[in-house]
Amino acid sequence: MKAWVWQVITMIIMLFVVSILNIPLWAFLLIAAPLLTFGLTYFSFVYSFSPTLEPKEIPAKGYQDRIAQLEAYYPKLYYMQFERIDSFYLKIIPDSIVYVYKHKIEPVFLCQYHLGSKETYVFVTYFENDVSLLTSPSVNTALIPAKPGKFIQVLENHPIEALFNEHLRGTYYLRQYHNVNPLDIPYYAYRHKFMQDLKEGARHIRDIFAWPVKVVYWTISKRGKVHKRPIDEQLQLGIAQFPEKQFTPFSQPPRYLS
């Protein structure tokens, strides 16, 4: 469902609550509006992350402009030695197009998203011991508390080349100072890994007590600002932590990079 369609539906529901049920404005602002917000958060999340969610082919019609925006990055990414390995469509709210790239030398994946009317991207590296590092230019990437070892560093106002260099610096830090080795996940297995992480992240949110209320609060308070610093600083300050459990091998045991 497109973002603007969801917004129209929300407005219709709000008008129904205020006009048809004749709720006073003060009551709507104090009671009905928050309940409606929490309800929409709940149902949009359940819709987006249903157990049946699977990547699909990008629709042939109606997405040309969004595809063109993603394609415009290709020359720059090719120069940075990234090669595209996959692309697919996710029917979530907002509906999303995902382009996936893998670096030719470094153990880094680049996921480029077109979310409704917005565009963003993240660099991702996977390590042993259930550790990963995600580097993003958007604070919205880090609004939800991540599980230990699922490290996120948000670096706003960085060109994509500078963001990649900062991601490599974080990767080097984890490898050299915390003795976790990057995993070389084959390109043909990455879609499975992507969906596995997406669904595990959704389960992690559902396990949080009163999660619809907390998701709204975290969104309003911009909780992700705590991750607006390099991963070495986050670990030193105790903002990020390593997992205690042992690493569960991914499908077939991947080889480690030397």
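What you see below is based on every heavy atom in this structure, not just the backbone, and it leaves out hydrogens, waters and symmetry mates. Index from 1, following the sequence.
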Can Val139 be reached from Leu134 by stepping across I, L, V, M, F, W or Y side chains whose heavy atoms are under 4.5 Å apart? yes
If the threshold is 4.0 Å, N to carboxylate O, is there a salt bridge linking Glu54 and Lys199? yes
Please test His167 against Thr125 for side chain to side chain donor-acceptor pair (under 3.5 Å), starting from the C-alpha separation and ending with a verdict. CA-CA 9 Å; His167 182 82; Thr125 295; 2.8 Å; yes
Sequence neighbours excluded, the answer for side-chain hydrogen bond (donor to acceptor under 3.5 Å, both in side chains) partners of Ser138 is none
Taking side-chain contact (heavy atoms from CB on, under 4.5 Å) as the test, write out the residues that go with Asp232, two or more places apart. Arg169, Tyr173, Pro230, Gln236
Please tell me whether Tyr188 and Ile185 are part of a single hydrophobic cluster in this structure, the criterion being side-chain heavy atoms less than 4.5 Å apart. yes
Partner of Glu71 under salt bridge (charged side-chain N to carboxylate O under 4.0 Å, His left out), chosen from Lys76, Arg84, Arg66: Arg84
Charged N to carboxylate O under 4.0 angstrom, Asp95 versus Lys56? no
Please determine whether residues Tyr177 and Val180 belong to a single hydrophobic cluster, defined as Ile, Leu, Val, Met, Phe, Trp and Tyr linked transitively by side-chain heavy-atom distances below 4.5 Å. yes
Could you note down all residue pairs passing side chain to side chain donor-acceptor pair (under 3.5 Å) where residues 150-161 supplies at least one of them, sequence neighbours left out? Asp130-Lys150, Thr135-Gln153, Glu156-Lys228
Do Tyr89 and Tyr63 have a side chain donor and acceptor closer than 3.5 Å? yes
Taking CG in Asp207 as the centre, count heavy atoms belonging to other residues, nucleotides or ligands within less than 6.0 Å. Is the count above 12? yes
So, using ring-ring contact (aromatic ring centres under 6.0 Å, His included) as the criterion, who are the partners of Phe45 when residues are at least two apart? Phe49, Trp211
Salt bridge between Asp197 and Lys193, side-chain N to carboxylate O under 4.0 Å? yes
Residues passing the salt bridge (Lys or Arg N to Asp or Glu O under 4.0 Å) test with Glu200, sequence neighbours excluded, are none
Which residues satisfy the side-chain contact (heavy atoms from CB on, under 4.5 Å) test with Arg229, sequence neighbours excluded? Glu233, Gln234, Leu237, Ile239
